[in-house]
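What follows is a short report on a single structure.
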Amino acid sequence: MREKLEKFRQMGINPYPNRYKITHRIGEIVDRFKEEYDQQKLESFGEVSLAGRMMSLRLHGKISFAHIKDQTGKIQIFVQRDVVGADFYRNVFKKLDVGDIIGVKGHLFRTKTGELTVNCKEVTLLSKVLRPLPEKWHGLRDIETRYRQRYLDLIVNEDSRRVFEIRSEVIRLIREYLVSKGFVEVETPMMQPIPGGAAARPFVTHHNALDIDLYLRIAPELYLKRLVVGGFDRVFELGKCFRNEGISSMHNPEFTMVEFYMAYADYRDLMELTEDMISSIVKKIHGITKITYQGQELDFTPPWRKVSFYEALVEIGGVPESVIHDEKRARELAKDLEIDVDTIQSHGKVLGEIFEKTVEDKLIQPTFVYDYPKDISPLAKSKEDDPDLVERFELMVAGREIANAYTELNDPLDQKERFLQQLRERAAGDEEAHRMDEDYIVALEYGLPPTAGEGIGIDRLVMLVADAPSIRDVILFPTLRPERDE
RNA sequence: GGGCCGGUAGCUCAGCUGGUAGAGCAACGGCCUUUUAAGCCGUUGGUCGCAGGUUCGACCCCUGCCCGGCUCACCA
């Protein structure tokens with residue numbers, strides 16, 4: 001292939017020309033003429049100029065067929081020696097490789113078999129491939145190569161491309177939905193002096209000029225609520241967050257989250273909004289609200305099941321009721337479940353662990369689990385009638401957490417207490433406990449209206465909608481260990 | 001981090017408890033004016049993930065390492 005490149009150059013053909021004018025994208029043409037079988041009408045449309053990557057090539061002596069593909073579609077091209085010239089046909093066209101990017105000019109027609117085809121008057125090499133594409137029939141199967149060289153995966157595996165089209169669509173629909181409800185999109189720091197808003201270990205980096213450490217955000221939460229204090233009382237941010245933790249089919253160190261905050265709303269309101277938003281997204285993408293995920297049916301038709309955290313433990317997890325209000329029994333049960341209970345501080349945390357072990361993977365259909373223990377929810381507002389619980393819900397689907405929401409704690413004194421409690425847990429060895437953020441307390445002292453906020457894991461949502469088994473399948477370039485130089 | 005599985009030609013895969021590596025596609029040369037996994041004839045292509053070891057002999061057995069997948073642990 002490199003030799004051909006040289007030969008082309010010697011013939012005076014630039015294998016990487018700077019520009020080529022196209023009249024249409026391939027999909028436009030395919031779409032416009034998909035019902036048109038009248039050769040006369042195709043002919044009278046005039047000449048088109050299309051460009052794309054050559055995906056197949058069938059040489060038949062003096063004539064050839066090939067397919068070219070761009071982002072929007074694929075079309076057959078037909079090249080005759082007697083039209084493009086014997087010299088060009090022999091020395092240039094026949095030397096092209098599958099994978100080359102070419103431009104073609106010619107009229108449209110239908111072949112004997114009825115396929116819409118460009119009858120090429122002119123073929124131009126636009127970019128020469130120097131490496132063969134993965135095999136056309138089996139595609140690229142090797143999962144590692146698909147992640148490391150995603151471009152090859154995208155060229156060759158239509159399914160993979162479709163996943164990322166769906167991803168783009170989901171993100172667009174979320175934006176449209178929130179904007180239509182009066183939310184304003186904002187951008188807050190990804191590099192934060194105090195990483196807040198979630199229980200997770202952060203990545204650390206250093207700013208030279210200021211000579212300070214900064215942390216990649218684990219969540220935008222505290223900044224967004226500062227904006228609500230500032231009067232942006234419906235805001236959202238959609239973007240990357242970073243957590244310095246394990247990698248699995250459900251976790252990538254950098255992942256995409258949308259967080260939104262709505263003043264004068266509580267967590268009940270957000271349940272409704274979430275149901276409405278997600279079910280409408282599923283419907284827009286699939287046409288219906290029932291989808292198949294990895295062989296099981298998921299029904300997103302509202303209303304969704306709602307079950308309190310305690311109910312879930314007892315009714316779904318099969319946990320004895322006595323455990324719920326008896327820390328000692330809870331710890332005993334946790335031990336039986338092989339949970340390492342010694343490093344866990346509070347009753348609520350123990351219950352949280354038991355929940356994960358006994359309930360989580362049983363929640364297949366979209367389910368809101370609500371009213372969580374206070375001590376695993378340091379930013380959520382207490383329930384008015386039960387000081388041990390907070391107004392918080394998580395949306396569980398297919399055994400995973402998809403969203404987390406609560407009525408925001410807007411009492412600065414209570415918030416300060418909660419931070420202090422987190423500091424004690426941090427001192428006791430919990431690296432994921434929240435840090436004190438004095439400036440955030442000050443913001444609250446200026447008055448955060450009653451507000452509800454939510455975060456939705458976009459990657460996980462896309463996994464469901466696109467029927468992808470691993471988070472790596474919905475992230476274009478998932479985090480991998482770099483290959484070492486030989 | 002533990003367990004299990006995998007890494008053989010550019011791609012997809014074979015390779016028998018050990019005898020010196022094979023197919024299809026791609027590539028290269030040729031034939032072919034309606035093909036679409038085009039066809040036909042011919043040719044080329046490999047440090048078998050890396051490094052050691054055992055053996056007369058290792059893709060195969062052993063040890064260590066690298067990369068990946070699943071899973072458990074950890075973890076939104």
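Only a predicted model underlies this, so the values are computations on that prediction, with no experimental measurement involved. Here is how names work: the chains are called A, B, and so on, in the same order as the sequence lines, proteins then strands, and each is numbered from 1.
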B/S/- along nucleotides 29-38 of chain B (protein heavy atoms under 4.0 Å) is SS-BBBBBBB
In 5'-to-3' order, the base (B), backbone-only (S) or no-contact (-) status of each nucleotide in nucleotides 1-7 of chain B, using a 4.0 angstrom heavy-atom cut-off, is -------
Of Leu50(A), Thr124(A), Ile68(A), which is the lone residue that meets side chain to side chain contact (heavy atoms under 4.5 Å, CB included) with Ile102(A)?
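Per the side chain to side chain contact (heavy atoms under 4.5 Å, CB included) rule, the option paired with Ile102(A) is Ile68(A), out of Leu50(A), Thr124(A), Ile68(A).
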The salt bridge (Lys or Arg N to Asp or Glu O under 4.0 Å) partners of Asp459(A) (sequence neighbours excluded) come to Arg167(A)
Sorted by chain and number, sequence neighbours left out, salt bridge (Lys or Arg N to Asp or Glu O under 4.0 Å) with Arg418(A) holds for Asp414(A)
**Asked** For the pair made of CG in Leu152(A) and C1' in G10(B), what is the distance, rounded to whole Å?
**Response**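 Interatomic distance, CG of Leu152(A) to C1' of G10(B): 10 Å.
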Which donor-acceptor pairs under 3.5 Å do side chains of residues 395-402 of chain A form with protein atoms, sequence neighbours excluded?
unit_1: Arg400(A); atom_1: NE; unit_2: Ala398(A); atom_2: O; d: 3.3
unit_1: Arg400(A); atom_1: NH1; unit_2: Tyr293(A); atom_2: OH; d: 2.8
unit_1: Arg400(A); atom_1: NH2; unit_2: Tyr293(A); atom_2: OH; d: 3.2

N/O donor-acceptor pairs under 3.5 Å from side chains in residues 186-205 of chain A, not counting sequence neighbours:
unit_1: Thr188(A); atom_1: OG1; unit_2: Glu237(A); atom_2: OE1; d: 2.5
unit_1: Gln192(A); atom_1: NE2; unit_2: Pro189(A); atom_2: O; d: 3.2
unit_1: Gln192(A); atom_1: NE2; unit_2: Ala219(A); atom_2: O; d: 3.4

Contacts satisfying ring pair (Phe, Tyr, Trp, His ring centres under 6.0 Å) that involve residues 338-374 of chain A (not counting sequence neighbours) are Trp304(A)-Phe368(A), Phe309(A)-Phe355(A), Phe309(A)-Tyr372(A), Phe368(A)-Phe393(A)
Per the ring pair (Phe, Tyr, Trp, His ring centres under 6.0 Å) rule, what does the pair list look like for residues 105-133 of chain A, sequence neighbours excluded?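 Only Phe78(A)-Phe109(A) qualify under ring pair (Phe, Tyr, Trp, His ring centres under 6.0 Å).
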Pairs satisfying salt bridge (charged side-chain N to carboxylate O under 4.0 Å, His left out), at least one member in residues 110-129 of chain A, at least two apart |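 Sorted result for residues 110-129 of chain A: Glu47(A)-Lys121(A), Asp97(A)-Lys128(A), Asp100(A)-Lys128(A), Lys105(A)-Glu122(A).
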**Asked** Pairs in or reaching into residues 353-369 of chain A: which pass side-chain hydrogen bond (donor to acceptor under 3.5 Å, both in side chains), with residues at least two apart or in two chains?
**Response**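 Matches after skipping sequence neighbours: none remain.
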- Any pair with a residue in residues 68-77 of chain A that passes side-chain hydrogen bond (donor to acceptor under 3.5 Å, both in side chains), sequence neighbours left out, goes on the list, sorted by first then second residue, please.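 Pairs touching residues 68-77 of chain A that pass the test: Arg58(A)-Gln76(A), Asp70(A)-Thr72(A), Gln76(A)-Thr117(A).
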Using a heavy-atom distance cut-off of less than 4.0 Å, which residues of residues 451-468 of chain A contact RNA chain B?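 Residues of residues 451-468 of chain A that come under 4.0 Å of RNA chain B do not exist, since none gets that close.
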